[in-house]
Number of protein chains: 2
Amino acid sequence: MSLRYALLAILTAAPLTGYETAKRFEGSVGHVWHAPDSQIYPELRRMETEGLVQGREERWGPNSTKTRYYITAEGESAFRGWMSEPLRYAPWRDVAHMQAAYFEWTDPDSVRMHLQQHAQHYEEQIAQWSSQVQAIESHEHPMIAARLQRYPAEQHARIVAFKSFAYEGLIRLAQAEVDWANSGLALLEELEAQDAEGAG
Amino acid sequence: MSLRYALLAILTAAPLTGYETAKRFEGSVGHVWHAPDSQIYPELRRMETEGLVQGREERWGPNSTKTRYYITAEGESAFRGWMSEPLRYAPWRDVAHMQAAYFEWTDPDSVRMHLQQHAQHYEEQIAQWSSQVQAIESHEHPMIAARLQRYPAEQHARIVAFKSFAYEGLIRLAQAEVDWANSGLALLEELEAQDAEGAG
DNA sequence: TCACGCATGTAAATTGTTACATGATTGG
DNA sequence: CCAATCATGTAACAATTTACATGCGTGA
């Protein structure tokens, strides 16, 4: 169900074709929510039958058309409704931490590899999200630029502030993951030192 | 696929019936991984047909039996194989942060409510996970007690260390969520102060 | 004309959620 | 004997992933 609201969210900034939408889900919005095109096209059509968006045919070259989807008043109100409702927190599901709980089942080198990979993965995320924050705050971000054009100037500050805030939260999480992985590497060394002591 | 490895993981500590397994997924393991019984019973049977576990009928009262599942050598080796392989990191999907990015679509009171709820939710998680860490380190945790009995004393330190470590990672994440929510409440006050200034 | 990007899907499989359904055992 | 817990499922639906499939447009 959240895919639907993710779609409504980006369509509040600008009307998009299915293809453009899918691209957004690889790039900017894709940092917060991911969906493959095979899920996006049918969902947009379903949303059209429910009146949340309206698709308008556009010429594309001499022999083709493409469909651009516009959010409707009904769609905006559905989005607003979702925004004001409390979230239901889904039960936790975290493979990396589950796996870490059973690290005694693999050798120290493999544990090290896992933890290094974990740190690296989240460092990359931090880099990506940080560059998003920069692009948002400088208004260079294409979706932000499109959005600011659509909404009155007195709202610009909050629009930018909330988007930055969302990404900063993700950065905090990723940093916690990196710190955790590093503390795990330290723990590993400690355990190996103890083993050496016990053996020697 | 991870459900399967979660099941193998807890069966390395002790053989369990489907019911007991489901209970573990509500309680201790459920803090790291969740699954409803309707998913667990069929999965255990599927795993049996694949030779990863073996179900043995046990008397239960005068007229009934129950099935207790034992991990097989094949199951252990499958688990070990999974443990040594690098993780595939799933694309990010985070409703709370996605919603936060669009907070301008709802009123400040609703934003405050969301952020307070967020902080409260993760504070509860921290409390739960902290008590898990305590129970693990004191060996009072039933699964840990069962596990330590099954494995030689020289492994006890790492078994306990890794389980604590896993939970500590979750606590770090939850703390990052709480901090983020609180920084959001501060941001909200700032924005409201600015609005008041602009209006007055 | 050829490669790359734009555009739009279908199909199958897997995974997860929600609701319903049933009956035995055990302890008070 | 009654409630709580133990035990085991089915069915329907919803969401997601993966793989396959097709064809036009545009610029070099």
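By convention in this document, chain letters (A, B, ...) are assigned in the order of the sequence lines, proteins followed by strands, and residues within each chain are numbered from 1.
- Distances from the side chain of Ser64(A) to the nucleotides dG25(D), dA24(C), dT18(D) place dG25(D) closest.
- Legend: residues meeting ring-ring contact (aromatic ring centres under 6.0 Å, His included) with His121(A), ordered by chain and number and at least two apart, are Tyr89(B).
- In this structure Tyr5(A) satisfies the ring-ring contact (aromatic ring centres under 6.0 Å, His included) test together with Trp82(A), sequence neighbours excluded.
- Between the P atom of dC6(D) and the CD1 atom of Ile40(B) lies a distance of 15 Å, rounded to the nearest Å.
- Under the rule for a side-chain hydrogen bond (donor to acceptor under 3.5 Å, both in side chains), the partners of Arg46(B) that lie at least two apart in sequence or sit in another chain are Glu43(B).
- The ring-ring contact (aromatic ring centres under 6.0 Å, His included) search around Phe162(B) returns Phe103(A), not counting sequence neighbours.
- Listed by chain and number, the residues in a side-chain hydrogen bond (donor to acceptor under 3.5 Å, both in side chains) with Glu190(A) amount to none (sequence neighbours excluded).
- Pairs passing the side-chain hydrogen bond (donor to acceptor under 3.5 Å, both in side chains) check and including a residue from residues 70-79 of chain A, sequence neighbours excluded, do not occur.
- Remark: Tyr151(A) pairs with no residue by the side-chain hydrogen bond (donor to acceptor under 3.5 Å, both in side chains) rule, at least two apart or across chains.
- One atom, CG of Leu16(B), and another, C1' of dA7(D), lie 14 Å apart when rounded to the nearest Å.
- Across its full length, the helix from dT1(C)-dA28(D) to dG28(C)-dC1(D) shows an angle of 20° between the axes of its 5 terminal pairs at either end, rounded to 10 degrees.
- We find that CZ of Phe25(B) is positioned 12 Å from P of dT17(C), with the value rounded to whole Å.
- Annotation: side-chain hydrogen bond (donor to acceptor under 3.5 Å, both in side chains) contacts of Arg68(A) (sequence neighbours excluded): Glu20(A), Glu58(A).
- Contact check of residues 77-102 of chain B against DNA chain D (heavy atom, cut-off under 4.0 Å) returns Arg88(B), Arg93(B).
- Atom CZ of Arg59(A) is separated from atom P of dG25(D) by 9 Å (rounded to the nearest Å).
- Note: CE (Met47(B)) to P (dT14(C)) measures 16 Å, nearest angstrom.
- If you measure from atom CZ of Arg4(A) to atom C1' of dT16(D), you get 15 Å, rounded to the nearest angstrom.
- Nearest nucleotide to the Trp33(B) side chain, out of dT16(D), dG25(D), dG16(C): dG16(C).
- Across all non-hydrogen atoms, the minimal contact from Leu115(B) to Ala181(B) is O-CB, 3.5 Å.
- With values rounded to the nearest 0.5 angstrom, Thr49(B) atom OG1 is found 11.0 Å from Leu44(B) atom CG.
- With sequence neighbours excluded, no residue satisfies side chain to side chain contact (heavy atoms under 4.5 Å, CB included) with Asn63(A).
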Sequence-aligned protein contact record of nucleotides 5-10 of chain C, with B where the base is within under 4.0 Å of a protein heavy atom and S where only the sugar-phosphate is
SBBBSB
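- Comparing Arg46(A) and Asn63(A) along DNA chain D, the residue whose closest nucleotide (by nearest heavy atom) sits nearer the 5' end is Arg46(A).
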